[in-house]
Amino acid sequence: MPATLTRIPLCTLDDLPLGLGRAFKVGDTPIAVFQSRGGKVFAVDGFCPHKGGPLADGMIAGDQVVCPYHAFRFHSDTGACDQPGVCALTTYPVEVVGGQVYVTVS
Amino acid sequence: MIQLNTIADSPVTRRKLVIIGNGMAGARMAEDIIAADPNHDFDIVMFGDEPYGNYNRILLSNVLNGSQDAQEIFLNPLAWYDDNHVTLHAGKRVTKIDREQQVVYAEGIEESYDILIFATGSRPFVPPIPGTTLHGVFVFRTIDDCRNIAEYAKGCKNAVVIGGGLLGLEAAKGLMTHNVSVTVVEMAPWLMSVQLDEAGGKVLQQTIETMGIKPLVSTSTKELLGHTRVTGVKFGDGTEIPADMVVISAGIRPNKELAQEFGLACDRAILVDDTLQTSDPSIFGVGECVQHRGMVYGLVAPLWEQTKALAGRLTGTNPDARYLGSKLATKLKVMGVELASMGRIADLKPTDEVVTFAEPGRQVYWKAILRDGKLSAACMLGDLEPADQLVEYFMQDKPVPTRRLELFFGTGTKTQGSEFSLADMPDSKQICDCNGVCKGTIVQAIKAGKTTVQAVGKATRAGTGCGSCKKMVKSLIEAVNGEVKADPSESWYVAAVPLDKPTLVSEVKTRGLKSVSAVLRELGTGEDERSKNGLASMLKSIWGTEYVDERDARYINDRVHANIQNDGTFSVIPRMYGGVTSADDLIKIGEVAKKYNVRMVKVTGGQRIDLLGIKKDDLPKVWADLGMPSGYAYTKALRTVKTCVGTDFCRYGTNDSTALGIALEKKYQGFEFPAKVKLGVSGCPRNCAESTVKDVGVVATEGGEWEVLVGGAAGAHVRRTDVLCRVKTRDEAIRVIGRFLIYYRDNAKWIERTYDFVPRIGIEKLRDIIVNDSLGLGDSLDAEVEKTAAAYVDPWLERDKPAFAGQFEDVKTVPLPMV
Ligand code: SRM
Ligand SMILES: Cc1cc2nc3c(=O)[nH]c(=O)nc-3n(C[C@H](O)[C@H](O)[C@H](O)COP(=O)(O)OP(=O)(O)OC[C@H]3O[C@@H](n4cnc5c(N)ncnc54)[C@H](O)[C@@H]3O)c2cc1C
Ligand code: SF4
Ligand code: FES
């Protein structure tokens with residue numbers, strides 16, 4: 001299936017609590033969008049590949065997102081998991097333009 | 001929600017192939033179909049119980065012993081399924097099959113099929129003895145098992161492996177690398193009784209003994225001992241040995257139950273014929289879950305043959321393919337000991353001819369059984385020089401040489417160098433033969449701070465091959481490093497700030513650090529979620545109302561004041577002081593439960609009522625409708641005060657325990673601690689509120705006094721309280737408890753419950769400080785109580801003004817633009 005990329009406006013920067021995440025469903029794709037304390041905005045899959053923990057309810061620790069269920073960690077840029085054998089999260093490109101957050105999904 | 005997977009507008013009629021099981025056989029099945037015919041007409045759908053792609057199960061031993069990273073053993077990552085258009089339902093267990101409609105079901109998913117393949121494998125057999133559900137008891141089958149065993153082994157000294165077969169020994173070897181001493185218990189008179197005869201088993205036994213593993217053969221296990229964690233193993237003869245962890249490896253059982261339940265013919269496993277078809281012509285089976293011509297295999301080689309034959313038939317590329325059974329010849333490395341086995345070594349007839357060769361000095365043992373001039377079985381240990389040749393005779397049913405010794409010595413033998421003692425060894429002496437690492441390199445790594453076998457392995461690769469040199473590596477570490485030094489991080493309050501609690505508290509106070517981010521910025525060396533939570537709790541108690549509450553330092557439960565459940569919803573437990581409620585409150589709870597379709601209303605173990613399954617957006621409304629304060633069933637804080645009915649009703653009650661319980665709960669509600677705190681108040685020594693297993697318990701005495709108890713628990717850890725003191729009045733009890741709670745709050749490490757704190761400090765010392773005021777802290781402890789009580793605000797009031805954006809909002813749906 002050819003992937004069509006769609007860039008869509010998601011929310012404003014103010015909608016994202018500092019240092020925390022929020023859950024969205026873009027089309028059929030659940031994603032979790034975070035704003036780190038350092039101001040970095042990033043988006044990853046909405047659910048943890050381990051047992052489906054809602055990642056937006058997790059925490060940020062350094063460069064990683066920590067799942068609220070069993071504390072598996074995923075890198076915010078690569079989606080890679082710190083636990084052996086757990087597949088990486090998909091990460092989604094995010095841009096912030098004039099206080100508006102855009103995300104690109106396929 | 002039911003998700004229907006319909007086949008999309010495809011012009012040709014495609015067939016739907018569903019595979020249950022995503023292990024070695026299931027994944028190979030899919031691969032073989034794709035390989036047999038890249039243009040096959042199947043839509044392949046797989047269900048796997050394990051929430052991963054497909055990994056090489058036989059390498060789990062390497063993962064456990066640290067010689068391979070779990071990452072490295074993956075055969076098919078999730079991307080493989082996408083790339084090959086295979087739909088994988090990972091982490092989904094098939095629970096139902098409708099053979100008439102040809103549909104399989106797994107939690108929320110249903111898939112129709114034209115062809116269904118069972119590849120459900122097998123599971124470890126756990127013998128029906130008492131104690132197998134204790135913490136610290138494991139089986140060894142999956143990547144999760146590996147992770148759990150390795151994690152648990154960290155704090156352990158003695159491990160016992162039950163079962164001295166291939167897997168048991170692999171588990172034992174893995175455990176050795178985690179620095180625990182290991183005993184292997186085997187019921188049969190020798191180890192690996194399937195692959196080896198008695199003489200071979202004894203040789204193996206000697207070999208593993210020299211590696212430091214203790215074998216106990218002819219020993220049956222009767223019971224695993226312990227209250228919540230395993231502490232020992234009891235044998236048939238009544239003797240016991242200590243064990244902090246147990247790995248059960250007592251054989252496997254095919255996963256045939258699903259097939260059996262839905263009517264497929266089964267015996268020991270699911271019955272299949274030479275076409276691998278079950279008793280239902282649309283359903284096939286491969287791997288360890290099937291029984292073919294009386295055989296159930298426990299190794300991978302047969303299943304490669306099975307999947308290949310079945311793929312040929314199903315794709316039509318080899319429509320007559322049949323599976324006729326497998327001859328098994330395996331070469332294994334068990335704990336670094338080379339071992340080869342073929343045929344059934346225990347199957348010996350009086351007319352058979354046995355040829356053996358033994359070289360006890362090098363622990364070499366070879367045995368071949370000849371029947372009618374052919375090799376019917378063999379085992380080889382310690383040196384596999386002739387193995388390839390024997391395998392050939394065995395597999396091809398070739399007549400063996402008339403000079404039988406040519407079976408073993410057809411190609412001549414080699415010699416090896418002599419052994420050195422560790423200290424005399426020159427630096428150039430090779431220690432790890434697999435990776436060619438010499439003593440000098442290892443010693444250098446140890447001096448550079450690599451002080452565990454694993455760390456040395458990571459740095460030099462020594463010990464990461466067969467692992468047989470790990471013991472030498474360990475001895476080298478001991479020789480170079482002397483005793484292992486105590487870890488300074490033991491005393492830190494949290495991992496991210498390298499300071500013990502008193503130093504941390506005084507730094508925080510002198511620098512005026514009022515938020516978690518400020519502490520991490522000024523004093524931290526890292527950042528992790530546990531540390532953030534710990535700091536948040538500590539700062540809140542230090543600064544009270546001045547504390548700068550950053551919610552990103554808190555777990556979800558503490559951010560939304562409810563407990564997250566495994567489906568993303570939350571539970572709500574309102575306060576019910578002392579476990580006492582009223583008709584009006586019960587009616588309100590009932591109405592709320594109805595209005596919000598609460599999935600379960602449950603009386604908790606803490607004498608109150610839990611409303612489970614509430615959506616995040618409903619939390620504020622539920623709290624408002626209840627109009628009751630939060631029961632704090634989430635944060636590390638005062639949880640419940642359990643009471644009994646006491647003098648008001650009970651004929652034995654000597655004091656009003658209910659009133660004291662309610663007073664304690666009202667006074668100390670909202671107090672946060674390094675770990676949760678639970679109280680109990682009983683009106684007489686019958687102790688109906690279980691006060692002797694609470695963080696703080698109070699029991700009224702026959703003489704009408706109150707006995708105050710501390711440091712108890714009855715959860716994962718069971719500890720009876722110590723007696724702190726006796727007091728005469730209710731107010732005295734409330735005061736002394738307040739002092740204890742604040743002293744605990746300010747001196748315990750993060751997540752240290754009173755059951756660890758009280759014995760760490762010692763009850764005499766605590767009594768001195770809290771009851772006799774030996775340090776003169778009494779007034780300041782009392783003042784802290786008042787200050788903390790004054791800072792209490794019911795967190796459920798945030799229903800009216802959320803603390804941050806989206807605090808009580810669930811998933812926001814954003815539609816994709818129409819194209
Ligand atoms: C709801 C309740 C079970 C019930 O249905 O009765 C419960 C539920 C949980 N307990 Fe408990 N415990 C409950 C009473 C207990 C009791 C009994 C008691 O309090 O009298 C104990 C043993 C007493 C003790 O603590 O000494 C108990 C010992 C534990 C432990 C083991 C703590 C330990 O160190 O030994 C944990 C794990 C932990 O804290 O790390 C735990 C953890 C949990 C968690 C929070 C697990 C989690 O993190 O999700 C559970 C939340 C389930 C959920 O999603 O809502 N729960 N838990 C009880 C709530 C009581 C309340 O009203 O607040
Ligand atoms: C530690 C270890 C070491 C081993 N070493 C060797 C070795 O050196 N040589 C050798 O030949 N063999 C070895 N084996 C044995 C080998 O791993 C097995 O023979 C092989 O894995 C069997 O493959 P299988 O697909 O039949 O079963 P499995 O690999 O167990 O796969 C079955 C899968 O099906 C899943 N499943 C079961 N029921 C359901 C359901 N209802 N719905 C969805 N999914 C389900 C299971 O979760 C599992 O993932 C070893 C095994 C272990 C555990
Ligand atoms: S015992 Fe406690 S933690 Fe375990 S499942 Fe029950 S409620 Fe959850
Ligand atoms: S569900 Fe995410 S770590 Fe378990």
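Scope of the values below: all heavy atoms of this structure, side chains included, with no hydrogens, waters or symmetry mates. In what follows, chains are A, B, ... by sequence order, proteins preceding strands, each numbered from 1.
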Task: Min side-chain heavy-atom separation Pro17(A)-Asp552(B) under 4.5 Å - done: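 They are not in side-chain contact.
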Task: Pairing residues for Tyr152(B) by the side chain to side chain donor-acceptor pair (under 3.5 Å) criterion, not counting sequence neighbours - done: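 Counting only residues at least two positions away or on another chain, Tyr152(B) forms a side chain to side chain donor-acceptor pair (under 3.5 Å) with Arg229(B).
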Task: Approximate separation, where rounding is to 0.5 Å, of Ile31(A) CD1 and Lys812(B) NZ - done: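 Rounded to the nearest 0.5 Å, the CD1-NZ separation comes to 12.0 Å.
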Task: More than 12 heavy atoms from other groups under 6.0 Å of CZ on Arg530(B) - done: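 Atom CZ in Arg530(B) is not crowded, with 12 or fewer foreign heavy atoms closer than 6.0 Å.
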Open item on the list: If the test is side-chain contact (heavy atoms from CB on, under 4.5 Å), which one of Arg559(B), Glu550(B), Gln807(B) qualifies with Leu20(A)?
Closed with: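 For Leu20(A), the side-chain contact (heavy atoms from CB on, under 4.5 Å) check succeeds only for Arg559(B).
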Task: Exercise: identify the closest heavy-atom pair between Arg554(B) and Met59(A) - done: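 Where Arg554(B) meets Met59(A) most closely, the heavy atoms are O-SD, 3.5 Å.
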TODO: For Pro68(A) and Ile556(B), work out which heavy atoms get closest and say how close.
DONE: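 Heavy atoms only, the tightest pair is CB-CG2, 4.0 Å.
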Task: Engaged part of Tyr69(A) at the chain B interface, taking heavy atoms whose separation is under 4.5 Å - done: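 Only the side chain of Tyr69(A) comes within 4.5 Å of chain B.
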- [ ] May I ask you to decide whether Asp57(A) forms a salt bridge with Lys616(B), counting only side-chain N to carboxylate O separations under 4.0 Å?
- [x]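 A salt bridge is present here (some side-chain N lies under 4.0 Å from a carboxylate O).
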Task: Atom group of Ser517(B) that falls short of 4.5 Å from chain A, counting heavy atoms - done: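 When you check distances to chain A, only side chain atoms of Ser517(B) fall under 4.5 Å.
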TODO: Measure across Pro54(A) and Gly568(B) and return the closest heavy-atom pair with its distance rounded to 0.1 Å.
DONE: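 Taking Pro54(A) first and Gly568(B) second, the nearest heavy atoms are CG-CA, 4.4 Å.
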Task: Crowding at CG, Asp28(A) (>12 non-hydrogen neighbours, <6.0 Å) - done: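 No, not enclosed.
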- [ ] Decide yes or no for Arg73(A) and Glu529(B): does some side-chain heavy atom of the first lie under 4.5 Å from some side-chain heavy atom of the second?
- [x]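 Result yes, sub-4.5 Å side-chain heavy-atom pair found.
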Open item on the list: Around atom NZ of Lys514(B), are there more than 12 heavy atoms from other residues, nucleotides or ligands closer than 6.0 Å?
Closed with: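 For Lys514(B), atom NZ is crowded (more than 12 foreign heavy atoms under 6.0 Å).
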- [ ] Determine the option with the most heavy-atom pairs under 4.5 angstrom with chain B, choosing from Ala61(A), Cys87(A), Gly52(A).
- [x]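 Sorted descending by pairs with chain B, the first entry is Ala61(A).
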- [ ] Select one option (side chain, backbone, both, neither) describing which atoms of Ala88(A) are under 4.5 Å from chain B's heavy atoms.
- [x]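 The answer is neither part of Ala88(A).
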- [ ] Check each atom of Val66(A) against the heavy atoms of chain B and say whether the ones under 4.5 Å are side chain, backbone, both or neither.
- [x]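 The side chain, not the backbone.
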Open item on the list: If you define the side chain from C-beta out and look only at heavy atoms, does anything of Leu816(B) sit under 4.5 Å from Thr29(A)?
Closed with: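 They are not in side-chain contact.
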Task: Neighbours of chain A found in residues 71-78 of chain B - heavy atoms under 4.5 Å - done: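 If one takes a 4.5 Å heavy-atom cut-off, the residues of residues 71-78 of chain B near chain A are Gln71(B), Phe74(B), Leu78(B).
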TODO: Please look at Ala553(B) and chain A and tell me whether the side chain, the backbone, both or neither of the residue comes under 4.5 angstrom of a heavy atom of that chain.
DONE: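 Contact with chain A involves the backbone of Ala553(B) alone.
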Open item on the list: Out of Glu50(B), Lys532(B), Arg147(B), return the one with the most heavy atom pairs under 4.5 angstrom to chain A.
Closed with: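 With the most close heavy-atom pairs to chain A, the winner is Arg147(B).
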Task: Best-contacting candidate, Gly58(A), Ala56(A), Pro49(A), against chain B by heavy atom pairs under 4.5 angstrom - done: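 Ranked by contacts with chain B, first place is Gly58(A).
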TODO: Using a cut-off of 6.0 Å, state whether more than 12 heavy atoms not belonging to Arg57(B) lie near its atom CZ.
DONE: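 Atom CZ in Arg57(B) is crowded, with more than 12 foreign heavy atoms closer than 6.0 Å.
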TODO: Would you check if Pro30(A) and Val811(B) make a side-chain contact, meaning some heavy-atom pair closer than 4.5 Å?
DONE: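 Answer no - side chains too far apart.
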TODO: Taking the side chain as every heavy atom from C-beta outward, state whether Phe24(A) and Thr813(B) have any pair of such atoms under 4.5 Å apart.
DONE: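 They are not in side-chain contact.
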Open item on the list: Any heavy-atom pair between the side chains of Asp528(B) and Gln64(A) that's under 4.5 Å?
Closed with: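 Side-chain contact under 4.5 Å: no.
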